[in-house]
Amino acid sequence: MSLAVALHPWGRPGHLTSQNNQLYIDGVNTTELIEQYGSPLYVYSEAKLRHNAEDILSNFRRVHANTTVCYASKANANIAVLQVLKDAGLSIEINSSGEFFKAKTAGYSAQDMVFNGVAKLRVELEQVIAEDIKAINVDSVAELERILSVAQDLNKKANVTLRIVPEIKGGAIAGWETGTSDSKFGMTREEQLTAIALIIQHPEFLTMTGIHAHIGTQVTDLSTYQKEADFLIAYAKEVSALLPYPLQHINLGGGYPKNYSSSQENWRTVAEHYQKKYRTDVDFDAIAKILIQPITDSLGSDIEIIVEPGRSMMSDTAILLSRIECDKQRSAFPVYYLDAGYNILFDIFSGWYFHMVNANRADDTDTKLCRIVGPLCDSSDTYYDIEGEGRVKSLLATEPALSAHHATLEQVLVHQPNLRELPANTQNGDIIALLDTGAYALEMMNDYCGRLSAAAVLTDMQQGSKLIRRRAEPEDLLRFDVF
Ligand SMILES: *Cc1c(COP(=O)(O)O)cnc(C)c1O
């Protein structure tokens, strides 16, 4: 079995294409983008942003018309991106007063926002309650007490939605009554009963608007959604019996998956567990049927359903272009050094896989295996899982008997294949495109090692490209230092 995901096919008709061996995005030549804007460069697609918004709205509203999509802005809160999504009909999910500020700057009103977080600050609560936010998703009894106190001080009524721990994880139900949650999020059923009692005692300051659950990210197992639906339906009925008024909404959170390559074909050459993480048939149509439909059937069409997709709105809307700046020949394979490290694409730090295409040798079929690394002075700055591989090696060295379980160890410890397949002629100076880098990228970019944050552009078929985030300059490195 090979150690690399197959390079071909990578194309996405109408979006990622090739002409004269060059990679094009939305009809724009990527190597010309690098000449115009420099490297590394994020290239977002307005057409894809609009497509994703339309895709979730149409599929979910076909099943449940009263569905509100609150885009999880931590996946990307660039103002131009937020404006496109607002124009495409989405509401917004925020996590902090910083995201509240950005959402308002992009034109969203507090009535279009839901506010999540495990430890909201008093000052943050004051801001959103003063503007009558649609819902504060409450994470603990202590937080509810703080909300009550702020509402009393402001003489305002706060809309609160309680985040429940459904004890559903990775497709397995730990059991409602057994044990406590092992995550830091949400409230247990007992805590919720305390919270509901407090809400009922203070009707002039607190309205219980709904219940909320968010299970994880890139949830590729359909049965998890079925369990979530079953759980929330039963819980909504239980809560409704306690409240003197009906629930306004049920918030299902996000976590919907996206594919991290163009085709199932790519994954045939590597161990199956990689494919389970990065490839999925679960789309919004399937989720509508298994998650939304049962809620409509059981709770009726009047209740508002809120969802909070982040990754699934964003990941396939951008590519990252990065130049090869250096190379070395090591044992069996060459090593190429990109100018983008985990400071530019933070998810590689945790070993996430992104498919790579050589933007100036896009159609070359002759390929070779190589290792790809970033430019940072940190050994985790690699496009393979150096930490996971190291753990497997040291376990096998200390416990030789474990070699019988080599495959299982790799499955548990190694997050992505250790080599890349790229065109055989790949060399220093080539531009590598990393696909599906739209989610959790701009937000987590930083200037570590004094390396300047990348620029971002937005393309569309009609107008070519426009800058939506400028490249950092050396002066930006001094902006927080006091001297
Ligand atoms: C992060 C987050 C989301 C978005 O998750 P995705 O996996 O990006 O869809 C939604 N809701 C809450 C509460 C979150 O913390």
Side-chain angles (χ1 to χ4, degrees), residues 49 52-53 55-57 59-60 67-78 81-82 85 90-96 98-100 102-103 112-120 124 128 133-140 143 160-166 168-171 181 183-187 209-222 224-225 228 232 249-260 277-278 280 282-284 286-288 291-292 305-318 346-347 350 352 436-444:
L49 288 166
N52 287 349
D55 192 21
I56 192 168
L57 284 172
N59 275 295
F60 284 16
T67 299
T68 301
V69 177
C70 291
Y71 161 64
S73 62
K74 75 176 186 285
N76 183 348
N78 175 275
V81 167
L82 294 185
L85 294 181
L90 301 196
S91 297
I92 195 161
E93 182 267 355
I94 58 164
N95 249 281
S96 62
E99 287 182 356
F100 184 55
K102 292 195 89 176
D112 294 327
M113 296 182 200
V114 297
F115 183 18
N116 273 303
V118 288
K120 301 175 191 77
E124 294 180 315
V128 301
I133 194 164
K134 180 182 179 75
I136 302 168
N137 292 342
V138 185
D139 209 76
S140 61
E143 183 171 273
V160 294
T161 287
L162 303 187
R163 178 166 179 171
I164 181 85
V165 185
I168 300 172
K169 210 179 177 185
S181 166
S183 90
K184 67 175 185 177
F185 299 98
M187 280 184 259
T209 39
I211 53 172
H212 174 244
H214 170 68
I215 291 180
T217 196
Q218 186 75 353
V219 177
T220 56
D221 184 351
L222 257 192
T224 306
Y225 299 104
E228 184 183 5
L232 285 173
H249 61 240
I250 175 163
N251 185 330
L252 311 177
Y256 313 127
K258 269 285 163 98
N259 282 317
Y260 279 80
K277 189 165 172 191
Y278 300 112
T280 177
V282 174
D283 57 12
F284 291 134
I287 296 167
L291 177 62
I292 311 288
I305 290 179
I306 297 176
V307 289
E308 304 171 332
R311 181 183 302 283
S312 56
M313 290 296 98
M314 237 359 104
S315 59
D316 63 358
T317 66
F346 189 76
D347 271 349
S350 54
W352 199 266
D436 306 300
T437 49
Y440 300 103
L442 296 190
E443 294 310 304
M444 296 175 99

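Both ligands and their constituent atoms are indexed starting at 1 by order of listing.
- Under the 3.5 Å distance criterion, the side-chain polar atoms of Glu308 are left unmatched by any main-chain donor or acceptor of Asn251.
- A donor and an acceptor atom, one from each side chain of Asn137 and Glu93, are nowhere located under 3.5 Å apart.
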Put together the list of close N/O pairs, under 3.5 Å, between ligand 1 and the protein, could you?
{"unit_1": "ligand 1", "atom_1": "7 (O)", "unit_2": "Thr217", "atom_2": "OG1", "d": "2.4"}
{"unit_1": "ligand 1", "atom_1": "7 (O)", "unit_2": "Gly255", "atom_2": "N", "d": "3.4"}
{"unit_1": "ligand 1", "atom_1": "8 (O)", "unit_2": "Arg311", "atom_2": "N", "d": "2.7"}
{"unit_1": "ligand 1", "atom_1": "8 (O)", "unit_2": "Tyr440", "atom_2": "OH", "d": "2.5"}
{"unit_1": "ligand 1", "atom_1": "9 (O)", "unit_2": "Gly255", "atom_2": "N", "d": "2.8"}
{"unit_1": "ligand 1", "atom_1": "9 (O)", "unit_2": "Gly310", "atom_2": "N", "d": "2.9"}
{"unit_1": "ligand 1", "atom_1": "11 (N)", "unit_2": "Glu308", "atom_2": "OE1", "d": "2.7"}
{"unit_1": "ligand 1", "atom_1": "15 (O)", "unit_2": "Lys74", "atom_2": "NZ", "d": "2.9"}

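- Here the side chains of Leu291 and Phe60 are not in contact, with every heavy-atom distance at 4.5 Å or above.
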Using salt bridge (Lys or Arg N to Asp or Glu O under 4.0 Å), reason through Glu443 and Lys74 one step at a time and then give a plain yes or no. CA-CA 7 Å; Glu443 294 310 304; Lys74 75 176 186 285; over 6 Å; no
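- Between the side chain of Lys258 and the backbone N or O of Ser312, at least one donor-acceptor pair lies under 3.5 Å.
- The aromatic rings of Tyr278 and Tyr260 lie perpendicular to each other, with more than 60° between the two planes, well past the 30° mark.
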